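Side chains included, hydrogens not; waters and symmetry mates left out as well; all remaining heavy atoms used. In what follows, residues are counted from 1 in the order of the sequence shown. Computed from a predicted structure; not experimentally measured.
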Amino acid sequence: MIALYCILLALDFIFLGLLSYLFLAYTHRTIYKKKRWTFIAFFCYIVLAVFIMLIRNDLLIIAGYALMFIAIGQLLFNRGSRALFYQAAYILGFFII
């Protein structure tokens with residue numbers, strides 16, 4: 001049972017990173033970095049998401065995920081106020097759902 005829980009937890013974080021990447025990749029993009037930086041950023045995003053989840057405080061988890069997602073979006077994909085709004089709306093909508 002513990003193995004199943006660990007597998008489902010790993011899949012949860014993989015899909016969190018994948019959906020976040022797909023959202024950022026298919027919105028209007030103005031910053032083009034090498035693909036290895038994107039891979040490294042999302043790998044770190046998933047690892048940090050695991051550590052943030054260990055805090056076990058819902059508000060800190062949402063704030064941590066939102067800050068990481070917006071930072072990745074602003075640094076690697078698109079800067080600007082419209083992009084900031086879309087990124088914040090996406091991650092907060094993700095948690096509301």
- Item | Pairs touching residues 2-22 that satisfy ring-ring contact (aromatic ring centres under 6.0 Å, His included), sequence neighbours left out | Tyr21-Phe42

- Message: Taking Ile62 as the starting point, is it possible to reach Leu9 by hopping between hydrophobic residues whose side chains are less than 4.5 Å apart?
- Response: yes

- Note on the structure: Correct closest heavy-atom pair for Ala41 and Leu76 would be CB-CD1, 3.3 Å

- Message: Please determine whether residues Ile72 and Ile14 belong to a single hydrophobic cluster, defined as Ile, Leu, Val, Met, Phe, Trp and Tyr linked transitively by side-chain heavy-atom distances below 4.5 Å.
- Response: no

Less than 3.5 Å apart, which donor and acceptor atoms pair up between the side chains of residues 87-97 and the rest of the protein, not counting sequence neighbours?
| from | atom 1 | to | atom 2 | distance (Å) |
| --- | --- | --- | --- | --- |
| Gln87 | OE1 | Gln74 | NE2 | 3.1 |
| Tyr90 | OH | Leu19 | O | 3.4 |

Could you tabulate the donor-acceptor pairs under 3.5 Å formed by side-chain atoms of residues 43-60, not counting sequence neighbours?
| from | atom 1 | to | atom 2 | distance (Å) |
| --- | --- | --- | --- | --- |
| Tyr45 | OH | Ser20 | OG | 3.4 |
| Asn57 | OD1 | Leu59 | N | 3.3 |

- Check the pair Tyr86, Asn78 against side-chain contact (heavy atoms from CB on, under 4.5 Å), reporting the backbone distance first and the verdict last. CA-CA 10 Å; Tyr86 289 152; Asn78 194 359; over 6 Å; no

- Message: With a 6.0 Å cut-off (strictly less than), is the heavy-atom count around CZ of Arg82, excluding the residue itself, greater than 12?
- Response: no

- Message: Determine whether Leu75 and Trp37 satisfy the following criterion, side-chain contact (heavy atoms from CB on, under 4.5 Å), listing intermediate values before the conclusion.
- Response: CA-CA 10 Å; Leu75 294 174; Trp37 291 114; over 6 Å; no

